[in-house]
Every structure is written in C-alpha cells, then in structure tokens.
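Down below is the structure, laid out as structure tokens.
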There are 2 protein chains.
Amino acid sequence: MERTGDDPTTAAGRSEIGYRPLYRQVYDKLLKRLADAVWQPGQMLPSEGQLAVELGVSQGTVRKALDALTADSLLIRRQGRGTFVAEHDDQQSVFRFFKLRPDRAGAGMPTSRVITMTETSPNADERENLDLLRTAQVVRIERLRYLDGRLCIAETISVPAVLFPGFARMEIPNTLYSLYATRFGITIATANERLKAISLDARQAQLLETSTGTAALEIDRIAVDLEDRPVEWRLSICLTQLLHYNSLLR
Amino acid sequence: MERTGDDPTTAAGRSEIGYRPLYRQVYDKLLKRLADAVWQPGQMLPSEGQLAVELGVSQGTVRKALDALTADSLLIRRQGRGTFVAEHDDQQSVFRFFKLRPDRAGAGMPTSRVITMTETSPNADERENLDLLRTAQVVRIERLRYLDGRLCIAETISVPAVLFPGFARMEIPNTLYSLYATRFGITIATANERLKAISLDARQAQLLETSTGTAALEIDRIAVDLEDRPVEWRLSICLTQLLHYNSLLR
DNA sequence: TAGTGGTCTAGACCACCGA
DNA sequence: CGGTGGTCTAGACCACTAC
C-alpha cells in the first residue's frame with residue numbers, strides 16, 4: 001500500500017528541469033552537514049557572514065537557506081546570540097511529535113515503561129513500513145505510556161537494527177528521539193500518522209487494564225530522517241476517555 | 001496563526017517598548033484588505049512594484065509580506081503570472097481541511113447529504129465553542145458525508161446566525177467553506193481539531209447504518225477566521241473501517 | 001516581447017545579547 | 001562594547017507566462 005505523504009491533489013508535475021537556485025544548493029550542503037552530524041545538536045553554527053565567505057555566496061543567500069532550515073525545525077535562530085542546531089530533547093520538541101493531550105488540564109510530560117525489547121526478523125508489516133529486505137533485522141520494543149500518571153497508551157516500536165547498533169541492549173529513556181539523535185546520529189525530520197478508531201481485542205484490553213471491546217484510537221506512525229528514509233514504525237493504541245489527539249489545520 | 005499574535009503594540013510609527021517591522025505593518029494592511037474582501041478570491045493583486053509604490057516601501061519589503069501571506073495560505077503566487085487571493089473551493093483547498101483518506105486508493109471528492117437545517121438558540125456547547133451570548137442564534141446543520149460513494153461521516157455543524165444572514169434558507173453546497181467566503185465574506189484561516197475514539201450509541205449507529213457499539217472516530221473542530229474569531233463548530237462521527245485520518249507532523 | 005514573480009548581491013542600519 | 005541575527009533598500013539579472 002503506497003503511503004501518500006500529503007494531499008492527493010499535490011500530484012502536479014514538476015518542471016523536470018535541472019535548475020537549482022543557489023540558496024537551495026546551500027540548503028542542501030548545510031543539510032548534509034547536519035545529517036553527517038558535523039554540527040552537534042545544541043551547537044552554534046558559524047555566523048551568516050562566515051558561512052557566506054566560506055561558501056562563496058552573499059550573506060543574503062546564506063540567510064535564505066538558514067531560514068528554510070529553521071522553518072523545517074532543524075535549526076533555531078536567536079537574535080543577538082546565533083544559529084543553533086535544534087535539540088530534540090527539550091519539552092517543546094517532545095510535544096512536536098506527541099499530540100495527545102488531557103481534555104481538561106495542561107499536559108505534563110508523558111512517562112513510559114518498557115515491557116519487552118527484542119532483536120528479531122521483521123514481520124511483513126515491518127518489512128513494508130521500514131522498506132527492509134527479508135534478511136534484515138529489527139529491534140522491536142513494546143511499552144506502556146502514562147500521562148499525568150494514568151495508563152493511556154500501549155505501543156509497539158520497530159526500527160532497523162542496522163541503523164541502531166547495540167540498541168537492543170540499551171537502557172531506554174522516555175524520549176526516544178533524542179536518543180536516536182545523540183547515540184545513533186539519526187534525526188527524525190517528519191512523521192506521518194494514520195489514525196483509526198478500533199475496538200480493543202482481548203490482548204490489547206489486558207495490556208491497557210480495561211475491558212474487551214472498548215473503543216480506542218490506533219495511531220500508525222512512520223517516522224523518516226533527514227534523507228527521507230523510514231527509520232521507525234510505531235503502532236500506538238490509545239485510550240481517549242480522558243485524552244484527545246490534537247491536530248491544528250492551517 | 002503565528003502572524004496574528006497578541007502583540008499589544010499598535011501600528012503607530014515608533015513606540016519605544018514594542019517594535020513592529022515595516023513588512024509586518026504591510027502584512028497587516030494587506031490582511032485587512034483581504035478580510036474586508038477588497039480583493040475577491042481568485043482575483044489578481046497588483047504587482048509587487050505597484051504595491052511598493054502605493055505603500056511607500058521597497059519592493060523587497062512588499063515581497064516579504066506577500067511571502068508571509070502565502071505561507072499562511074491566504075495568497076497564491078505564480079511566477080510569470082501574478083499574485084492571487086487563494087480560492088478555497090478548488091480540490092486542493094478542500095483537502096486542506098479534510099484529512100480522511102481511503103486506506104487503499106487515492107481520495108475522490110467527498111459528497112454530502114443534508115438531513116436537517118435549523119435556526120435556533122444555541123445549546124451550552126455551541127455557546128462555549130462559538131463564544132456566544134445566550135441571546136444569540138445559531139444555524140445548525142446535520143448532514144451525512146460519503147467518500148467514494150460510501151457512507152462514512154455523520155456531522156453536526158453550527159455557526160453564529162448573525163455572521164451568516166439567510167444561511168438557513170440556502171441551498172447547501174458540498175464545499176461549505178467556499179460558500180462562507182463568497183456569500184458571507186468569511187475566510188476560514190485555521191481549524192483546531194480534537195480527536196477521540198468513541199462507541200456509537202443507538203442514534204449515531206442508526207444514522208450511519210451500522211450497529212450500536214461500533215468504534216468510531218469523533219472529530220471536534222473549531223474553525224476560526226482571519227481575525228481569529230471562532231466562526232464554526234463541527235462535530236463529526238466517522239467510520240474508519242476503510243478510512244483513516246492522516247496527520248503529517250513536521 | 002512585455003510583465004510577472006524568483007533569485008542574488010552589496011551595503012546600511014536596527015534590535016538584541018552577553019561580557 | 002563587539003558580535004549576532006533581523007530589517008530595509010536599490011538594483012541587476014533570471015525563469016516563467018501570456019499574448
């Protein structure tokens with residue numbers, strides 16, 4: 001099943017011509033450095049002027065590339081201080097990919113408890129969603145998550161083992177994506193989520209300490225890195241009696 | 001919307017506590033014209049150069065304001081042709097606010113059938129979500145929606161009657177938001193959706209021609225206009241056996 | 001060919017931050 | 001204070017569209 005990243009109406013043909021604006025080339029060069037972890041998360045980049053000299057373009061062109069990277073949440077710019085590689089382990093960034101909120105109060109940080117963690121051969125879903133060969137291995141995590149102390153999510157997380165060496169024997173922190181970035185040099189750029197309403201089967205109900213047939217929200221997420229490779233597949237089952245999934249359309 | 005924040009400073013030249021960039025003032029001026037429907041949807045704006053002369057700023061400053069309006073989906077710019085007021089009745093814009101997709105195929109246009117349409121006093125939810133006084137009136141629509149010919153949504157739509165004079169006696173098209181724009185001068189800028197999984201009660205099940213207790217997706221949407229006023233509340237009950245709600249996180 | 005938006009440059013000045 | 005990003009300008013040239 002082909003997964004459409006965006007509206008089906010955006011299938012309009014591209015010019016096909018090999019014209020690439022200068023600022024776009026600068027964007028790609030800087031993106032490559034970020035992907036190669038030349039600059040670490042939190043680190044300050046050279047100033048606009050220095051980059052301009054180094055790359056042999058005007059400061060305005062560098063600026064346009066930096067602004068684009070900032071719009072893509074890869075950089076953070078602060079007037080008077082400098083340009084920094086975005087850190088994905090602060091509170092703000094956690095909620096970038098976590099859209100569940102309590103109905104009434106503001107959300108505290110979600111917490112987690114790992115149930116199982118194994119390195120194994122991928123099943124059919126994992127092969128398809130992570131674009132894997134049959135001979136590849138995956139690391140698969142099952143865990144429960146809590147919001148404001150209340151059990152609300154059971155999820156299965158699968159990643160290609162080759163991209164995460166030693167992952168299966170690690171202590172798993174609450175914020176996975178910062179671990180991906182700091183330990184494996186993998187930055188999650190975007191994630192595509194597909195939501196459905198389901199009735200819990202017996203196993204799911206037991207995990208979530210509720211009764212079979214309860215309505216729950218299923219979130220099927222594929223996360224991709226800076227080079228648009230799928231690097232994580234996550235299937236979350238969420239109880240939404242006291243929570244909701246928040247989506248802002250603009 | 002990021003650009004219509006709660007900046008307390010006014011457009012008055014230079015105040016010492018708040019600083020308002022020139023391009024931001026231009027943005028606001030142009031936004032006002034869009035809100036006042038000085039330029040109609042689909043219409044071409046004057047060129048950058050003409051606007052620059054008229055407003056007494058440089059072309060680059062106009063450009064920055066136009067780019068910001070384009071980023072907010074209010075304008076569409078086409079190289080070699082001009083800058084146009086975004087039309088919200090073409091296929092692209094429909095899917096901007098409609099995130100349900102068939103699991104397997106690409107989505108055709110959704111269709112609708114109105115069940116009831118009344119003008120009445122608001123209930124407590126409507127008063128709260130639309131920020132209404134007890135004496136106000138609302139227009140309330142119940143309808144069913146179909147995707148690829150299949151019944152999948154039952155929804156209730158409520159709008160303040162004062163903003164939509166004569167609405168209750170109109171023929172209702174499939175794409176409501178284009179009607180809002182063309183007949184009432186109201187442009188939907190953003191919408192906030194809250195999703196939950198629910199079990200259908202008897203009435204909902206009957207409407208959707210399925211059985212009581214079926215799991216379904218409830219979408220609670222508040223849509224706001226260019227001035228950030230809530231102008232529509234919509235509660236949709238969606239069957240997701242063959243559909244999913246698509247959400248792209250970046 | 002004329003007119004549009006898109007890119008690129010160079011330089012001036014402003015607002016903000018930290019030492 | 002010096003250094004950073006943010007704004008603003010003026011002008012040149014490029015790519016695209018319509019006629």
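Throughout, protein chains are lettered first and strands after them, A, B, ... in sequence-line order, and every chain is numbered starting at 1.
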Please name the pair of heavy atoms, one in B:Leu147 and one in B:Pro102, separated by the smallest distance, quoted to 0.1 Å.
CD2-CD, 3.9 Å

Assess B:Arg194 against A:Tyr245: is NZ or CZ under 6.0 Å from the centre of the six-membered ring, and within 45 degrees of the ring's axis?
no

Just checking, A:Lys64 and A:Tyr23: is the charged tip under 6.0 Å from the six-membered ring centre and within 45° of the axis?
yes

Give the B/S/- string for nucleotides 1-9 of chain D, one per nucleotide from 5' to 3', where a protein heavy atom under 4.0 Å of the base yields B, of only the sugar-phosphate yields S, and otherwise -.
--BBBBBSB

Test item: B:Gln43 side-chain N/O and B:Gln40 main-chain N/O as donor-acceptor pair under 3.5 Å:
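A pair under 3.5 Å: yes.
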
Ignoring hydrogens and geometry, is there a side-chain-to-backbone donor-acceptor pair from A:Thr61 to A:Val57 under 3.5 Å?
no

